[in-house]
Visitor: 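Would you mind keeping the following structure in view while I ask a few things?
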Amino acid sequence: QYPPGWGASDRVADPLFLSLDTNDFRLQRGSPAIGAGVTIPVDWPDPLRDRDAGNPDLGAFPLGTEPLKVGRK
């Protein structure tokens, strides 16, 4: 409905994170962010590149990855 330009490809939707209460920003199945990303150049480091089948997921963690573990136990 809008011509190409700034914001023409924006998406506004609930990304369906696993849990905002526990800061678990991984995606749930059915998230609109699954497969909605763009491929980054091969020469850029991406340790999770092989976790996405097809188009990459939007966000830092592809669907099905383990939660980020940082700090002390």
Visitor: Within the 4.5 Å heavy-atom criterion, are P56 and T39 side-chain neighbours or not?
Guide: yes
Visitor: What is the minimum heavy-atom distance between P62 and D52, and which atoms define it?
Guide: CB-OD1, 3.3 Å
Visitor: Can you see which heavy atom on R11 is nearest to which on P32, and at what distance?
Guide: NH1-O, 4.2 Å
Visitor: Taking atom CZ of F61 and atom CG of D24, what is their separation to the nearest 0.5 Å?
Guide: 9.0 Å
Visitor: Hey, could you give me the CG/CG distance between D21 and L18, rounded to the nearest 0.5 Å?
Guide: 12.0 Å
Visitor: Starting at CG of D57, measure out to CZ of R51 and round the result to the nearest 0.5 Å.
Guide: 12.0 Å
Visitor: Does atom CZ of R49 have more than 12 heavy-atom neighbours from other groups under 6.0 Å away?
Guide: yes
Visitor: Looking only at non-hydrogen atoms, find the nearest pair between L16 and D14 and report the distance.
Guide: N-OD1, 2.9 Å
Visitor: Could you state the interatomic distance from CD1 (I34) to CG (N55), rounded to the nearest 0.5 Å?
Guide: 12.5 Å
Visitor: Are F25 and L63 joined in one hydrophobic group, where the rule is that I, L, V, M, F, W and Y side chains link up if heavy atoms are under 4.5 Å apart?
Guide: yes
Visitor: Roughly how far, to the nearest 0.5 Å, is CZ of F17 from CD of Q28?
Guide: 10.5 Å
Visitor: Linking I/L/V/M/F/W/Y whenever their side-chain heavy atoms sit closer than 4.5 Å, directly or via other members, would L20 and L27 fall into one cluster?
Guide: yes
